[in-house]
Amino acid sequence: DSGEAAQNGELLDAEETLQEVDQKEGGKVKTWWGGVYQTFCLQFVAEWADKSMFATMALAAQHAPLGVICGAMCAHALANCIAVIGGEMLGNALSEKYMAVAGGVTFLFFGAASLYEGITHRQVPVV
């Protein structure tokens with residue numbers, strides 16, 4: 001069956017990738033703290049100077065900083081909980097390769113929509 005062969009191929013690809021990572025990292029065991037560190041670094045770099053950071057700065061100029069900090073942390077925590085749970089569910093249902101392609105296409109769509117808005121100064125029609 002071609003579907004079963006594809007699943008076996010994906011499993012072999014995943015195992016090969018994990019072996020390559022182990023070789024590059026000297027066989028280090030992934031720890032909980034390692035996941036925390038990698039997630040923190042990725043999130044910090046990804047969120048630095050994005051729209052939400054500028055929106056939070058604008059809110060801090062108008063409201064009490066402690067309230068803005070609490071609101072921003074709660075909103076970010078909720079958004080990330082949704083992303084983690086949704087990612088886990090999608091990861092169980094879809095291949096990692098398909099998820100990467102779908103994420104890339106979505107990213108390109110929003111980039112094209114932003115470019116369109118920037119060039120025409122009009123909102124992208126909602127589909």
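Just the heavy atoms: all of them, side chains too, but no hydrogens, waters or symmetry mates, feed the values below.
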> Strictly under 6.0 Å, is that where the ring centroids of W48 and F44 end up?
Replying inline: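 Centroid distance W48-F44: below 6.0 Å, so yes.
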
> For F107, what residues pass the ring pair (Phe, Tyr, Trp, His ring centres under 6.0 Å) criterion, not counting sequence neighbours?
Replying inline: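 With sequence neighbours excluded, F107 shows a ring pair (Phe, Tyr, Trp, His ring centres under 6.0 Å) to no residue whatsoever.
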
>> Between Q43 and N80, is there a side-chain heavy-atom distance shorter than 4.5 Å?
In response: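 Of all side-chain heavy-atom pairs linking Q43 with N80, at least one is under 4.5 Å.
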
> With a 4.5 Å limit on heavy-atom distance, are the side chains of V84 and E88 in contact?
Replying inline: no

Report the distance from atom [atom1] of [X] to atom [atom2] of [Y], rounding to the nearest 0.5 Å.
X: S95; Y: L90; atom1: OG; atom2: CG; answer: 11.0 Å
X: E117; Y: F110; atom1: CD; atom2: CZ; answer: 10.5 Å
X: K51; Y: S114; atom1: NZ; atom2: OG; answer: 4.5 Å
X: T56; Y: H63; atom1: OG1; atom2: NE2; answer: 11.5 Å
X: L78; Y: C74; atom1: CG; atom2: SG; answer: 9.0 Å
X: L115; Y: T120; atom1: CG; atom2: OG1; answer: 9.0 Å

> Of the non-hydrogen atoms in S52 and E47, which two are nearest, and what is the gap between them?
Replying inline: OG-OE1, 3.4 Å

